[in-house]
**Student:** 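Structure in structure tokens, see below.
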Amino acid sequence: MIHLENIQKIYRTRNIETIALDQVNIGVKEGEFVSVMGPSGCGKSTLLNIIGLLDKPSEGQVSIDQTLINGQNDKKLAHFRNEKLGFIFQRFHLINSLNIMDNVELPLLYRKIGASKRKKLAQETLERVGLSHRMIHFPSELSGGQCQRVAIARAIAGNPQILLADEPTGNLDSKMGGEIMEILHQLNKESKMTIVMVTHDESLASKTNRIIRFFDGRQVN
Amino acid sequence: MWKTSFIQFFKIIRQNKFFTFLNLFGVSITIMIILIAAIKIESAIWPGGPEKNNENMLFIKNILITSDKNSRFGGVSLPIIEDHLIKMQTPKAIAFSCENPWSYISDHGVEEFNVKSVNAGWWQVFDFEFIEGRPFNQQEVIDASWVAVIDARIKNRFFQDQNAVGQMLEISGKMYKVIGVIKNVPSNCERSFANIFVPYTLTEAYNRDIRQTGEFGVTFLSSGKNLKEIKAETENLRLRIIPLLQEGYTLYFGGPYGPVSTYLQGWVSPTEYAGDRHEIMSILGKLFLLMLLPALNLISIQLIRIHERSEEIGVRKAFGASRGELIKQILYENTLLTILGAIIGLLFTLIIVYVFKNVLAEMLFSGIFENNENIQFHINFGIFFIGLFTSLVLSLMSGIIPAIKMSRLQAVEVLKGGEL
Ligand SMILES: Nc1ncnc2c1ncn2[C@@H]1O[C@H](COP(=O)(O)OP(=O)(O)OP(=O)(O)O)[C@@H](O)[C@H]1O
Ligand SMILES: [Mg+2]
């Protein structure tokens, strides 16, 4: 499903070069739930952004669902992200000026779907994360755990094959974190979603199919 | 797509109240300034009232007598008028006037009135509406009769609801017989405005030396077709008067100009007067400076607003918005916001013009209430659309650069809280 070959990522800022990723080769099969672990600054988020097509590697090839991504134009990439990928961030990144419903609808706006169908899909998705009663609230009126559930709903509203989660429980207490993990496992089992999750929590990672460890931009297992 | 964007737009402006307000405020103030500036200029150039036919009028506001050594600038002198201008063949009628303030001191304190000394032709050139009585005629001017035409404000002040015609009125120690009452002249009628009109022959103190400047302004009434001929005849007269001046001196008329040029004349001195085009450029330049402030304001608001939304842009990008779609969205929202702001600006201007007309008139022409009630202000929709267009260009220009920048940013950087 996800195939990375010889990925290198170098950040250049003025005269400092940071090698964020070096010689990374990763394959993730369809339906796998993989966690990525490693100390802070080792390149986990960078990896996720490259898989998510939000960032381009300096070297190497990225294939998603048998499609080679390198060299695709912005419009194609946007379309690809929209169809195949869902994102969950540590800091939720909900749009504060839109209510919950509109936030969840967001990925559907970039598809050819009528307004009523969009509403219906968004509503169904919110039901799956147990927040359908909060549709007309705004993000500022929800708890952190609820915000993350909305973010999950947004990520899966377009029914992507791949879910990328960057420390989804990082800002939550363990109870709320547990709830989020439960939803992710459920999505993995029932909807056969491929999930790549960055986490600092060994116990959460141990419940996933596989752990990829990083140190200083390199895989260590 | 458009309908969805439209709904999204309203959701976003509803939530970002502060920036929406700033943005709308910026645009509507810009539009208001433009519209009110246009009102000010137009109602000065085409004031209506007694000057409603001013397209057929030509004005000489002042003259310049100049040599290498010195120059005198002032009104037209009586010898030039009485010996030369008045004998002109081409104008249908000629009016001239000299203005004197009259401070009336009573128990109420000092009241300021405006008295104009005019000739008989005055009443032919300007279109006054008489409520009572009649204007004074040629004979009364020649005889220097102590007669006066007053406006409704003077009548109400001194004669209340009696008939004013036939009554005596004391002005600066002299007794005048009231022979006519006119409707109040709007205070934006710069040339015809006064509260009281009396024959100019009643005053002895005018300059009678052709080599000096004088006290009068002159207005020619043309048949509408012979403006050029009047100008040519005036030019001939000017050349004939020059030899009558002191050795080495020459004479320029500040006219005869139509209403537009006469208005523009105020922007530079008459010697520099180089024709309408030059003047219009200068006025446009000044208007441009006037516009610059709201424009800068608008641009900076746009920049702040887009910056505020960088997180949203990153998120949209992550969830499938292409660069093109983002730019389109931002520009679309800017356009709608600008149009909305312009409409608000127009509404406010309409309210000011129709509900607070007196306040506006006082601000623009500092006239008093009675003389403001007859002013007719018109909103120039041509100018509105020019203003709208300018604001649109500005907001698009100020929106498009950050929009492109933001859309180019890698979504990750934005989501990390990256800067532009
Ligand atoms: N835009 C950037 N410009 C320059 N250097 C960057 C940039 N983004 C990341 N880096 C550097 O690349 C390295 C990897 O960063 P990354 O964010 O992937 O780490 P991480 O493993 O996600 O860390 P954390 O656990 O703290 O989130 C770090 O050294 C970081 O400083
Ligand atoms: Mg990280």
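Only heavy atoms go into these numbers, but all of them, side chains included; no hydrogens, no water, no symmetry mates.
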**Student:** With side chains defined as the heavy atoms from C-beta onward, is the minimum distance between B:Glu312 and A:Asn96 less than 4.5 Å?
**Tutor:**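 Answer no - side chains too far apart.
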**Student:** Return the CD to NZ distance between B:Glu325 and A:Lys75, rounded to the nearest 0.5 Å.
**Tutor:**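 Separation between the atoms: 7.5 Å.
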**Student:** Heavy-atom pairs under 4.5 Å with chain B - which of A:Glu83, A:Arg111, A:Lys112, A:Arg118 has more of them than the others?
**Tutor:**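 Among A:Glu83, A:Arg111, A:Lys112, A:Arg118, the one with the most close pairs to chain B is A:Arg118.
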**Student:** First locate atom CZ of A:Phe87, then atom CZ of B:Phe319, and finally report the distance between them rounded to the nearest 0.5 Å.
**Tutor:**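 Reported value, rounded in 0.5 Å steps: 7.0 Å.
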**Student:** A:Arg81 side chain to B:Lys317 main-chain N or O, any donor-acceptor pair under 3.5 Å?
**Tutor:**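 Here the side-chain-to-backbone pair exists.
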**Student:** Is the number of heavy atoms from other residues, nucleotides or ligands under 6.0 Å of A:Glu59 CD greater than 12?
**Tutor:**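 No - once you tally the heavy atoms of other residues, nucleotides and ligands closer than 6.0 Å, there are 12 at most.
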**Student:** Return yes when atom CZ of A:Phe80 has more than 12 non-hydrogen atoms of other residues, nucleotides or ligands closer than 6.0 Å, and no otherwise.
**Tutor:**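 Yes, because the 6.0 Å sphere around CZ of A:Phe80 holds more than 12 heavy atoms from other groups.
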**Student:** Do B:Arg316 and A:Leu109 come close enough that some side-chain heavy atom pair is under 4.5 Å?
**Tutor:**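 Yes, their side chains come closer than 4.5 Å.
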**Student:** Kindly check if the number of other-residue, nucleotide or ligand heavy atoms within 6.0 Å of CZ (B:Phe356) is above 12?
**Tutor:**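 Incorrect, the count does not exceed 12.
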**Student:** Checking A:Phe92 now: which residues fulfil ring-ring contact (aromatic ring centres under 6.0 Å, His included) with it, not counting sequence neighbours?
**Tutor:**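 Testing A:Phe92 for ring-ring contact (aromatic ring centres under 6.0 Å, His included), a comparison that skips the adjacent residues, returns none.
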**Student:** Quick one: what part of A:Leu94 sits under 4.5 Å from any heavy atom of chain B, side chain, backbone, both or neither?
**Tutor:**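 A:Leu94 touches chain B through backbone heavy atoms alone.
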**Student:** How about A:His79: does its NE2 atom have over 12 heavy atoms from other parts shown lying under 6.0 Å from it?
**Tutor:**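 No, NE2 of A:His79 has 12 or fewer neighbouring heavy atoms, counting only those of other groups under 6.0 Å.
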**Student:** Using the side chain to side chain contact (heavy atoms under 4.5 Å, CB included) criterion, which residues pair with B:Ala38? Sequence neighbours excluded.
**Tutor:**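 Once residues adjacent in sequence are excluded, the partners of B:Ala38 under the side chain to side chain contact (heavy atoms under 4.5 Å, CB included) criterion are B:Ile383.
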